[in-house]
Amino acid sequence: MSENYDHQKVESKWQKFWVDQKTFKADDHSKKPKHYILDMYPYPSGAGLHVGHPLGYTATDIISRKKRMEGYEVLHPMGWDAFGLPAENYAIKTQVHPDKSTRGNIETFRKQIQSIGMSYDWDREVGSCFPDYYKWTQWFFRFLYKNDLAYKKKAPVNWCESCHTVLANEQVVDGACDRCDTPVALKMLNQWFFRVKDFIEDQPGVDGLLSGLDKIDWPNSTKIGQRNWIGRSEGVDIINLKVKDMDLSFEVYDSVPQTFMAQTFTVIAPEHPWVEEMVKGTEREKEVMDCVERIKKNKASGKFDIETDMEGVFTGRYVENYCGMGRDLPIWVASFVVMDYGTGIVNCSVHDDRDFAFAKKYDIPLHVVMLPPDAEEAEQVKNLEHCYHHAPEGIMQEPVQFKGRQWGEVRQDIIDYMIENDWATPAVNYKLRDWLISRQRYWGSPIPVVYDDQEQEYIIPEDELPVHLPTDVDFVPHGESPLAKSKKYHDKSDLKRIEDKLKASGDLAQDRTIVRRESDTMDTFVCSSWYMWRFMDPHNEKEFCSKALANHWGPIDLYVGGAEHTVLHLLYARFFCKVLKKYGYINYDEPFTKLRHQGMILGENQQKMSKSKGNVINPDLIVEEYGADTLRCYEMFMGPFHQMKPWSQSSVGGIRKWLDRVWRVLQKPESEEPLPKNVLSTLHQTIKMVGEHIDEFKFNTAVSQLMILTNELTPLESLPKAVKETYILIFAPFAPHLAEEAWQQLGHKDTITFEAWPKYDAQYLVQDTVTYAVQVNGKVRGELHTSKDTPKEEAISEAKKVEKVAQYLSEGTIKKEIFVPGKIIGFVVS
RNA sequence: GCCCAGGUGGCGGAAUUGGUAGACGCGCACGACUCAAAAUCGUGUAUCGCAAGAUGUGAGGGUUCGAUUCCCUCCCUGGGCACCA
C-alpha cells in the first residue's frame, strides 16, 4: 500500500538532505538573536553509542529545532572528548594505537548520531585528541601558568605496585587497583595543580564559584552538590598557641567555638613535619615515629576505616597555657587529623563524637562545659557516659558569663568574646582542594613545560605550541610516564631550539641547558573545561576563540548532560570561565546559563545496562527496525527527562504504531470543511501545551498531548490543509524526518526547519460547556453540565437539583456552599 | 552518619496557587474485518462488591468542606559525600 510509511527510505533521504544543504549551519553574522544549545560532548568509546546518548541529544535537538522555528540563530555543535584511559588500556591489551582506535570510534559515533537525525552543525566538529585542538589546551595551561594559576607541588598519587603504574582515581575501586585488585599505595610525586581555590570567593568583576551559583538556572541538587563539594566553613582560628619548651607557635581552626573551654587536648596530623621535630631526641621519639609510620601505611593501604583504625600516640609535648586558662594541653598524633585542612592541628573536646572516642580510647582527661536540659541525661554527661554532641538546646556552663544560655544562640557572642580577649580571629576554611591535573599517562595532552639540567621548570614559548604527542611510545606500564622514554618527544634539536628561545627571552640563564620535557599529560577534564568556546570559533588558528565570537555566542543558553558531572567537569568549566573573565577575554563569568540532567536508562529488568547482564539495547537496531523518529519519540515519552527509567521494547512498538497512525491521518483527503469545534479546541490546546512542555523539559507529556490530537483526528474523513500543516509543524521537532516528508508532500519545496512555530488562538481553548463536579461534604455525588457563563447562583441552584445531590442534601441542612468556577460546586451539610 | 532525589493500577507514567486520582502509552480481555493469520479499527481494564456503595496515591497523625499536593513523625528505594574539627 502506498500509504505505508517507509522509515528507512524517508530517514536516509532527509539525513542526506540536511548534510548536503548544511541546513543546520550556524551563521556567525546572523541578524537573528543567538541561542547556544550544547550537549556534553561524548567520549567515543569502542562500544559505540548506547541508548542513553540519544536521550539527551534528542531533548536538545527538539529545543534547537523549536528555537529555529521561533526565529533564533541556533548554535548546536557536537564533538569528541577523545583523550582518556579506555583507549590507552585498549592499546595496552591489543597493541592498537589509541590514535587509530579513537579515530575509528569517532567515525562510528558520528555515523550513529547522524542516523538519529540530530540537527548539529557538523562544520564545527572538534576532537580533544587532535593537535589543532590540544594546541589550545596547552595554550590554556600556559595562560594559567603565566598568571600564577598553575603551580607544581609534591603530592601523593595512587600507585599500583603490581602493575607498576599510577592509577587515576576512577581506577581505584574500594582502595584497590581495578585490574589486579592490589591495594593502592600512596606515592609522593611532583605534580601540577591549578589554583581553583582562588576563585571560590568573589573577585573584582568576577563572581566566585560559590556566589555565582545564585544567578544560574541549574537543578538545585547540582548547586547543592557544588556547594557541599566546596565545603565552605566559617569559624575562628584560635591564635597565639605555643608548644611548651619549643620555638613553635601556631593556630588551630575551630568551626564550633562555643565549646572552646572544653578543649583538653590537641591533635596533630601524622604527616605534619612538626611531629618529627617535636619528638626528636626525646625518649618518646621511637614510639611516636613508629606509630606515625603505622598510620601512614594504614592510610596508604586504602582500607583505612575511621571506626576500627582510629589510632594515636602522645608526643610528650604540650600547648602552653591554653587561652590563658592556666592549662597545658597534651599534644597527640591522631590518625583522624586531615593534614591539608586548616593547619593540620586541632583542639579536641568532650563535645565531639570523634574526639570523645579518641579520649576514651587513650584515657585522656575531658572537661564538660555544656549540659543537656534533661537532668538525668545531664548527670550521664557529667559522668562521661556518652558524648553530648552539639545540640541547639544545650545549656552552656562555661565560660561563666555565658552560663545558662543555649548553645544554639550563643555562638556569635562567644566568638566576639574570644576575639576581645585576643584568643581568636574570624576564619574561613574550604574542603575544596586545588585541582591536580598531572597524569602519568600517555593518551592526553602533553604539558608544555621543559626542564633544565638543574630540574628547574620553564613554560615553553607560545610559538612552540602545540607540543605534539609522539607516537613512538611503549604503552606497557613500567612505572613512569610513557612519554619519558619517547626519543621523538625529547628530540635534541627541538629542545635546543626551545633553549635558544628561552635564553633569547631572558627566561633561561646562559649557563643552563634544557634537558627534557615534562612527561606527564593533562587530566582530560582540562580538555573539557574549555571546549564550549572552541565550538564558537572552531577553525581559528590564532586564538582558542576570538573575543568577538566568545562574546557573541556565549554564554551557553542551555547545557544538557548527565548528573555524574555535578562537581568535577561543571566546576572546572566554571573555573576556566571565571579566569577568562578576570583577564578580559570574555564578558561573562558563568559558562552555562541553564543546565539540565538526563536520567539514566535502565534495562528492561530495571537494572543498569551492562554486557554481563545481557540487557543492553543497541540504538542502531531500533533505528533500523522502527526508525530514528520512533527512537526519538520513544525516549522522550518514556518518562520525566531527569528521572531514571527502564527500557520497554513493546512500548517502542507502540510508538511506531502511533507514528504510522499519524502518517495515515496526514494521507486523508483535503477538505475546506472546518474542524468540529471540540477537535479545533484540542488542536489549539495542543499547540499551546506542546510548546510549553518543550520549554519546561516535559517531553513525555508533550508527546502524550500530540497523541491525544492524533486520536481526535483519526476518525475524521478529511482534513483542511492548514490543519495538516499546523499538525506537522508542532510534530517536527520530535519526528523531523516524517515531518519533512509530509511537509514536502503538501507541496512545500523548502525544509520545514525555518517555518514559523504555530501560534494558538486563546478563543478556541475555552469550551462552551463545562462540567462541575458536585460535592457534598467533600465527596463527589454528581455532575452538572452547564454553560461556562452560568452565574454562580444559578449554577449552585442547578447543582442542588442533581438527583443524587438532592438526596444527600435532604439528610441535613446546608452550612456552607463552595463554588470554584468551572470546576467544583460543594455543599457542607450537617 | 550527612546531603540530595523519589515511593501513585499488572507495567512506564499523568495530575501545582489544595478542587472529579489514574491523562497518554504498554500489557491484557472481548468484538469487527479475514477462509485464516498479521495489520488495522472498536469496546473494556485501580481494588472489593451482583448491585447500591465502600476503599484507594509507602505508614501513621494533623490542617481543611475537600489533601497525591500543605505540616509533623516514621519506613523503604536510588544517587552523592564520607575522618574537613
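Every heavy atom of this structure was used, including side-chain atoms; hydrogens, water molecules and symmetry mates were not. Here is how names work: the chains are called A, B, and so on, in the same order as the sequence lines, proteins then strands, and each is numbered from 1.
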Is the positively charged end of A:Arg781 above the ring of A:Tyr808, judged by distance under 6.0 angstrom from the centroid and angle within 45° of the axis? yes
Check this for me: does any side-chain nitrogen of one of A:Arg664 and A:Asp660 sit under 4.0 Å from a carboxylate oxygen of the other? no
Would you please confirm or rule out a distance under 4.0 Å between OP1 or OP2 of B:C84 and any side-chain N or O of A:Tyr430? no
Rounded distance in Å - CG (A:Asn228) to C1' (B:C3): 6 Å
Could you check whether A:Asp237 and A:Thr425, counting side-chain N and O atoms only, form a donor-acceptor pair closer than 3.5 Å? no
Determine the Euclidean distance between corresponding C1' atoms of B:C71 and B:U63; express it in Å to zero decimal places. 7 Å
B:G9 glycosidic torsion: syn (within 90° of 0) vs anti: syn
If you look at every strand shown and take non-hydrogen atoms under 4.0 Å, does A:Asn429 touch a base, only sugar-phosphate, or nothing? nothing
Separation between the C1' atoms of B:U73 and B:A82, rounded to whole Å: 27 Å
Tell me: CD1 of A:Ile601 to C1' of B:C11, nearest whole Å? 17 Å
Rounded to the Å, how far apart are A:Lys657 NZ and B:C26 C1'? 9 Å
A:Phe358 CZ to B:A85 C1', in whole Å, measures 13 Å
The side chain to side chain contact (heavy atoms under 4.5 Å, CB included) partner of A:Asn615 among A:Met609, A:Lys608, A:Gln606 is A:Met609
Examine B:A5: is either OP1 or OP2 under 4.0 Å from a nitrogen or oxygen in the side chain of A:Ser221? Give yes or no. no
Spacing of the C1' atoms in B:G1 and B:G9 (rounded, Å): 37 Å
If you look at every strand shown and take non-hydrogen atoms under 4.0 Å, does A:Arg433 touch a base, only sugar-phosphate, or nothing? base
When the distance from NE2 of A:His642 to P of B:C4 is rounded to whole Å, what number comes out? 17 Å
Could you give the CG-to-C1' distance, from A:Asp352 to B:C84, as a whole number of Å? 11 Å
Got a donor-acceptor pair under 3.5 Å from the side chain of A:Arg664 to the base of B:C41? no
For B:C26, take OP1 and OP2 only and decide whether either is under 4.0 Å from a side-chain N or O of A:Lys645. no
Test: A:Asp217 and A:Arg596 ion pair at under 4.0 Å: yes
May I ask you to say what A:Lys779 touches in the nucleic acid, namely base, sugar-phosphate or nothing, with a heavy-atom cut-off under 4.0 Å? sugar-phosphate
So does A:Glu692 pair up with A:Lys698, basic N to acidic O under 4.0 Å? no
Could you say whether A:Lys804 or A:Ile224 is positioned toward the 5' end of RNA chain B, judged by the nucleotide with the nearest heavy atom to each? A:Ile224
Rounded off to whole Å, could you give me the CG-to-P distance for the A:Asp353 and B:C2 pair? 11 Å
In whole angstrom, give me the gap between the P atoms of B:C75 and B:A29. 42 Å
Are OP1 or OP2 of B:C4 and a side-chain N or O of A:Arg227 less than 4.0 angstrom apart? no
Taking the P atom of each, how far is B:G44 from B:A14, in whole Å? 24 Å
From the options A:Val236, A:Ile238, A:Ile345, A:Thr343, select the one residue that forms a side chain to side chain contact (heavy atoms under 4.5 Å, CB included) with A:Glu251. A:Thr343
Taking only the P atom of each, what is the distance from B:A23 to B:G13 in whole angstrom? 15 Å
At under 4.0 Å between heavy atoms, what does A:Val774 touch on the DNA or RNA strands: base, sugar-phosphate, or nothing? nothing
Indicate for each nucleotide in nucleotides 17-25 of chain B, in 5' to 3' sequence, whether protein heavy atoms under 4.0 Å reach the base (B), only the sugar-phosphate (S), or nothing (-). --BB--BBS
Does A:Arg656 make a cation-pi contact with A:Trp663 (under 6.0 Å, within 45 degrees of the axis)? no
Please give the distance between the C1' atoms of B:U57 and B:G66 as a whole number of Å. 16 Å
Which nucleotide wins on minimum distance to the side chain of A:Trp229, given the candidates B:A85, B:C81, B:A54? B:C81
Could you tell me whether A:Glu234 and A:Arg411 have a side-chain N and a carboxylate O separated by less than 4.0 Å? no
On a whole-Å scale, what distance lies between the C1' atoms belonging to B:G56 and B:A38? 40 Å
Between P of B:C81 and CD1 of A:Ile230, the distance in whole Å: 15 Å
